[in-house]
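Since the structure comes first, as structure tokens, the remarks are kept for the end.
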Number of protein chains: 2
Amino acid sequence: MKLTGTILKLEYTHYSTDREHLNNMMLIPLQTDTTDSPASAAASSLSQPDGSRTLCSICADRATGKHYGASSCDGCKGFFRRSIRNNHSYSCRFNRKCIVDKDKRNQCRYCRLRKCFKAGMRKEAVQNERDCTNTHRAKGQTVGTLSISVLLQAEASVQQIPALLSPRSHDINAKKTACVGDVFESMKQQLLLLVEWAKHIPEFCSLPIDDRVTLLRTHSAEHLILGAARRSLPCDNLILLGNDFVIPMSGAEVEVSRVAFRIQEELVKPLRDLDITDQEFACLRTTVFFAPDCLGLESPQVVRHLRFQAHLLLEEATCEQRGRFGELLLILPPLQSVAWQMVETLHLAKLLGEARMDSLLLEMLLGEGTKTGDGLCSGNDQTQEQHNDQRASSSNLTSVISHVSTSLANTLSAAHTDWH
Amino acid sequence: MKLTGTILKLEYTHYSTDREHLNNMMLIPLQTDTTDSPASAAASSLSQPDGSRTLCSICADRATGKHYGASSCDGCKGFFRRSIRNNHSYSCRFNRKCIVDKDKRNQCRYCRLRKCFKAGMRKEAVQNERDCTNTHRAKGQTVGTLSISVLLQAEASVQQIPALLSPRSHDINAKKTACVGDVFESMKQQLLLLVEWAKHIPEFCSLPIDDRVTLLRTHSAEHLILGAARRSLPCDNLILLGNDFVIPMSGAEVEVSRVAFRIQEELVKPLRDLDITDQEFACLRTTVFFAPDCLGLESPQVVRHLRFQAHLLLEEATCEQRGRFGELLLILPPLQSVAWQMVETLHLAKLLGEARMDSLLLEMLLGEGTKTGDGLCSGNDQTQEQHNDQRASSSNLTSVISHVSTSLANTLSAAHTDWH
DNA sequence: CATATTCGGTCAAAGGTCCC
DNA sequence: AGGGACCTTTGACCGAATAT
């Protein structure tokens, strides 16, 4: 504990690229403090931006500045350095949930070191090399900070009353099996809701218009599937659509119920086993949404940072339940796979002319799709174009990709207006 | 944590201003005493002006420094700490005037403790119990049955010396650009190594033979890509193959270098930013491998549990560095996507008859592939069959899936024998 | 060039261990 | 069932290098 010197400084983090960026990403403090120090957790939300500067984020002792990436006291600073230098490996005699505060910080070194890491300390910052903090900063982009409350509000704004009101076993049998048209109609509704949802996230609205379009397009299929899975959590043998139709596991058209089956098996069941909470779902959706790669994003680093914050919030929302965070993230690969299969099914339906598809569906779900399936998670657009130059067979795709849709752009412009 | 620098360092006679100290004195009834002031006590024992620094002011033994506010020997230091920690209350069997010196200090605890207080020791200086600094460091942290050491051994068994030995900038330019045949050859090698790798995991070998085949098949493409990405970490503009050929970002065939580009952008760069460790890589590979869904597994719960353990080990391997675990898991969706694109490219190559493919490649990479892309992460087999009953167009797929390959089964039988 | 920040290092004084 | 010789860890304070 030091007696002298009060340090006050506003946090501003700028981004360069790649490695620098990642390091910086780790540095950004997340506001809420979950485990310990209930006092600071209460005050941290808005009132005390300086609290994180003057208080050690590990033990809540008085901080002497930022050390190794986290605002900390000299004790935790030295402890972290020694632990890393000497390559110490501690073990917790209890449940790895020891409280680390000023009084008890020496009682469990495992939990203390763990909290150092969780507070943002990086072992790369230790050792002889001096950590050159931002030697160069790019365009001076300011990156907003996602907050769980904003995400929950966004979720609430797209919650559908009818689907929630229907009690489990009673009404479900009364619901009608969806025909292809019903499915498409539901999809369109959900896509509009997705746009609506995104509009509630200021950080999204601050992105360049092209990036907003790209983000919405790229993973729209995954959002449809994720939403359907969430909606169908109480159902065992069917998928509940947003417009109150259902898709049974058998009895619907083959292509449709195959996707429905996979949603049940690979998504609904795991989510039900986990008993996913609203907070977790909100964070998971956001993590899916801000996918930094596989896009032609103008500012991929910003998106990357937003996803980073989203998954930090997700981890927080899991309340440190062992393995829960990992299980939730491991939902994403099958989600992607199922979504991709749905898109393929749509492609097929479109090719066969089985149904009339709305232009919104065409644009958001199939807009980037090609026969070779770059649709769901395509490579970098420039490369795509570069290669397409040499490949006449999909030159039409290029124009589709580079074309910014009127309808989507309009919708997004409205969203942008809402926030600025 | 120090209150003021002066009390402890300069004078131990400041006890009189220390209210706590007075309280402490109350704990032990003080009677008339001949040696009142600690200073006089110290000086009286031996007439040395600096004797207070070298002599224990309690028992006049050799002092080892200041302890708890008084210059003292290790014996009195330890005695005072134990007395305070255990909240001992002693009593004098005589008249509380026992002589406390080096020889007789253990004859009356009451008088010894009282003299500790009189010499200036403060009970506040005794801290809480700390974490054991036990010499036998039992790390190992074996979660369940999978152990990190087994995974590391498995990794080591498939490490390729030539690829690792080649220094970065020197040899890379000398390496030849792979033709399609070279790529296939490398793939085959890597697939065999994958089987070899799996054989090193006892939990894998204990699975039913069909499940082993399924696991190996289902995500073999992802393992190829993951391995290539890891191997290419030091390379900026090319993908390094296992057989020492390279795939440049441009200059190779279009289809090939498109996949190569995505590997670089979506996998190599993030992994390089994270500076993934060997442990983490081993755990990540295992997490990918034990995919419980999207299979026709006999015992999906076992596989699910194995993946659970794998990602717990991964989390442990990240040392709880903030956000690192999440960043690593979020590598998996793009990994899946890139792997799927590679499989599609292979399909295309096969259809166009561009190259002769080994049967192992056909079986492991394309064995489950269909035009609608169930290959990478197919649905449940029973459903697949059920639907196929009604759909003649892919009935041949059913037989392929339900057919247990001879070559793979043989390889795996050998593996099984190794372990039983 | 001054100031603020954050590295690395030092060492008194805490801690713990373990034979006696 | 402590005592105490011996060793490790802690953290307040310091100087140095760097960004501002």
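To find a chain, count down the sequence lines: A is the first, B the second, and so on, and within it residues start at 1.
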If the cut-off is 4.0 Å, is B:Arg82 near the phosphate of D:dG3, judged by side-chain N/O to OP1 or OP2?
yes
Quick one: on DNA chain D, does B:Arg109 or A:Gly78 contact a more 5' nucleotide (nearest heavy atom)?
B:Arg109
If you round to the nearest 0.5 Å, how far is NZ of B:Lys104 from SG of B:Cys59?
11.5 Å
Would you say B:Arg112 places a side-chain N or O within less than 4.0 Å of OP1 or OP2 belonging to D:dG4?
yes
Hits for salt bridge (Lys or Arg N to Asp or Glu O under 4.0 Å) against B:Arg109, two or more places apart or cross-chain, chain-then-number order -> none
Per atom distances to the B:His88 side chain, the nearest of D:dT9, D:dG2, C:dA14 is D:dG2
Candidate nucleotides C:dG15, C:dG8, D:dG11, ranked by approach to the side chain of B:Arg130 - the nearest:
C:dG15
Spacing of B:Asp61 atom CG and B:Asp103 atom CG [to the nearest 0.5 Å]
9.0 Å
Output the rounded distance in Å from CZ (B:Phe79) to C1' (C:dG15).
19 Å
Nearest-Å distance, CE (B:Met121) to C1' (C:dA13)?
12 Å
To the nearest Å, give me how far apart CG (B:Asp74) and C1' (D:dT8) are.
13 Å
D:dG4 base to B:Lys102 side chain: any donor-acceptor pair below 3.5 Å?
no
Closest approach to the side chain of B:Gln127, judged atom by atom: which nucleotide of C:dG8, C:dA14, D:dA5 is it?
C:dA14
Provide, to the nearest angstrom, the distance between the CG atom belonging to B:Asn128 and the P atom belonging to C:dG15.
9 Å
Ignoring hydrogens and geometry beyond distance, is the side chain of A:Lys77 in donor-acceptor contact with the base of C:dG8 at under 3.5 Å?
yes
Does the plane of the ring in A:His88 sit parallel, tilted or perpendicular to the ring in A:Tyr90? Use 30° and 60° as the thresholds.
tilted
Can you tell me if B:Arg62 has over 12 outside heavy atoms packed within less than 6.0 Å of its CZ?
no
Does C:dG9 have OP1 or OP2 sitting under 4.0 Å from an N or O in the side chain of A:Arg81?
no
Tell me the bend of the helix from C:dA2-D:dT20 to C:dC20-D:dG2 as the angle between end helix axes, each from five pairs, rounded to the nearest 10 degrees.
10°
Between C:dG15 (P) and A:Lys104 (NZ): distance, integer Å:
17 Å
Value for CZ (A:Phe290) from CZ (A:Phe204), rounded to nearest 0.5 Å, stands at 7.0 Å
Separation of atom CG in B:Asp61 from atom C1' in D:dA5, rounded to whole Å
11 Å
Please say which of B:Cys76, B:Ser83, B:Cys92 ends up in a side-chain contact (heavy atoms from CB on, under 4.5 Å) with B:Arg112.
B:Cys76
Below 4.0 angstrom from OP1 or OP2 of D:dG4, is there any side-chain N or O of B:Arg105?
yes
To the nearest Å, how far apart are A:Ile58 CD1 and D:dT10 P?
14 Å
Provide, to the nearest angstrom, the distance between the CZ atom belonging to A:Phe80 and the P atom belonging to D:dT10.
14 Å
Ignoring backbone atoms, establish whether B:Asn106 has a side-chain N or O less than 4.0 Å from OP1 or OP2 of D:dG4.
yes
Strictly below 4.0 Å: does A:Tyr68 bring a side-chain N or O up to OP1 or OP2 of C:dG8?
yes
Please name all residues satisfying side chain to side chain contact (heavy atoms under 4.5 Å, CB included) with B:Asp74, sequence neighbours left out, ordered by chain then number.
B:Thr64, B:His67, B:Lys77
